[in-house]
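Reading through the structure tokens given below for one structure.
Computed from heavy atoms alone, side chains included, the values below leave out hydrogens, waters and symmetry copies. Note that ligands are numbered from 1 as they come in the structure, with each ligand's atoms numbered from 1 the same way.
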Amino acid sequence: MKHLLKLQDLSTEEIINILNLADQLKYEKKHGITHHHLKGQSLGMIFQKSSTRTRVSFEVGMYDLGGQALFLSSRDLQIGRGEPVQDTARVLSRYLDGIMIRTFEQKEVEMLAEYGSIPIINGLTDYCHPCQVLADLLTIREHKGLLKGNKLCFIGDGNNMANSLIVGGIKTGMPVSIACPKGFEPDAEIMKWASENGDFTCTDNIEEAAAGADVLYTDVWASMGQEDEAAARRKAFAGYQVGDRALAAANPGCMVLHCLPAHRGEEITDEAFEAHADEIFDEAENRLHAQKAVMVLCMKK
Ligand code: CP
Ligand code: NVA
């Protein structure tokens, strides 16, 4: 595996390999076993958007693996003043051993990989969030024992999370359903691919999507960069929530996941969040283990 740009680029086998290594690294960390797989290596972390989990988990992950992470805010980089991505990629490739980038356009991530000569890891774009979904799959597998056959239902905006969950779920044999208001569907090409390659549905009816679900997933109604639309989106998404209605339709023992940050009372009720807090914070923890696996597989020399 050279880069992690989007989950479409990975085979099912590669995804399972990442999850297996993540399990092993998690076990080792819990038992105080250290392996400096990335000894002496440096990861640059470019952030054009805010982050709590992604920043801290990558930084701690690099430390655990014997390397270091550099936090590079786009406010301080010349990229924020218009230096082309193509040039930034070639310069940073001369100093660093890998780059994690969180930005707006997926094209920027793809261009870093095209022009640079080091592994590039996507830490979220408007299009997808592959690191998050690898952690989500790890969490589902831990709690349910297996992925295949467990139905994953996403309720809310057809955003970066929805796009990556569809790809990750279908590639690992999970039936995937989406409930979103009309006009807020996930990426059309991803939905077409999902329908052709697995058990996929998209509807505006919450009960229909949540029926028989083993995992209910949601995310904010307004993503980073959509702050101006927040009020209009609150109207459009009213009721597209993980709460009693969705849980009543789901299977008994259904998990609830949220990539975080969460807005209680909007996409998730406080009751549903707190009742499933253990799953949600396992999911947040698993960012660390899943990303360490990704870094080892992409960067180990
Ligand atoms: N879920 C997630 O990516 O969190 P951050 O925005 O805090 O990194
Ligand atoms: N859809 C959210 C995910 C945050 C982790 C956003 O892009 O802001």
Mark the output for Arg55 as yes if a heavy-atom distance to ligand 1 is under 4.0 Å, and as no if none is.
-> no

Scan side-chain atoms only and decide if Thr139 and Asp282 contain a donor-acceptor pair under the 3.5 Å cut-off.
-> no

Quick one, list the residues around ligand 2 where some non-hydrogen atom comes in under 4.0 Å, by chain and residue number.
-> Leu124, His129, Asn159, Asn160, Asp219, Val220, Ser223, Met224, Leu260

Would you mind checking which non-hydrogen protein atom is closest to atom 7 (O) of ligand 1, with the distance to 0.1 Å?
-> Thr52 N, 2.6 Å

Any N or O of Leu260 closer than 3.5 Å to N or O of ligand 1 | yes

Aromatic ring proximity, centroids under 6.0 angstrom, Phe184 and Tyr240 = no

Taking the six-membered ring of Tyr115, is the NZ or CZ of Arg90 close enough (under 6.0 Å from the centre) and on axis enough (within 45°)?
-> no

Indicate yes or no: does an N/O atom of Pro261 lie under 3.5 Å from an N/O atom of ligand 1?
-> no

Can you pull out the closest protein heavy atom to atom 4 (O) of ligand 1? Residue, atom name and distance to 0.1 Å, please.
-> Arg53 NE, 2.8 Å

Does ligand 1 have an atom under 4.0 Å from some heavy atom of Arg102?
-> yes

Evaluate the salt bridge (charged side-chain N to carboxylate O under 4.0 Å, His left out) criterion for residues Lys182 and Asp204: first the C-alpha distance (whole Å), next the side-chain angles of each, then the deciding distance (0.1 Å), finally the verdict.
-> CA-CA 6 Å; Lys182 287 203 169 68; Asp204 61 359; 2.7 Å; yes

So is Lys6 actually on top of Tyr127's ring, under 6.0 Å and inside 45° of the axis?
-> no

So which heavy atom in the protein is nearest atom 2 (C) of ligand 1, and how far is it from that ligand atom?
-> Arg287 NH1, 3.2 Å

Using the ring of Phe47 (Phe, Tyr or Trp, six-membered ring only), decide whether Arg55 places NZ or CZ under 6.0 Å from its centre and within 45 degrees of its axis.
-> no

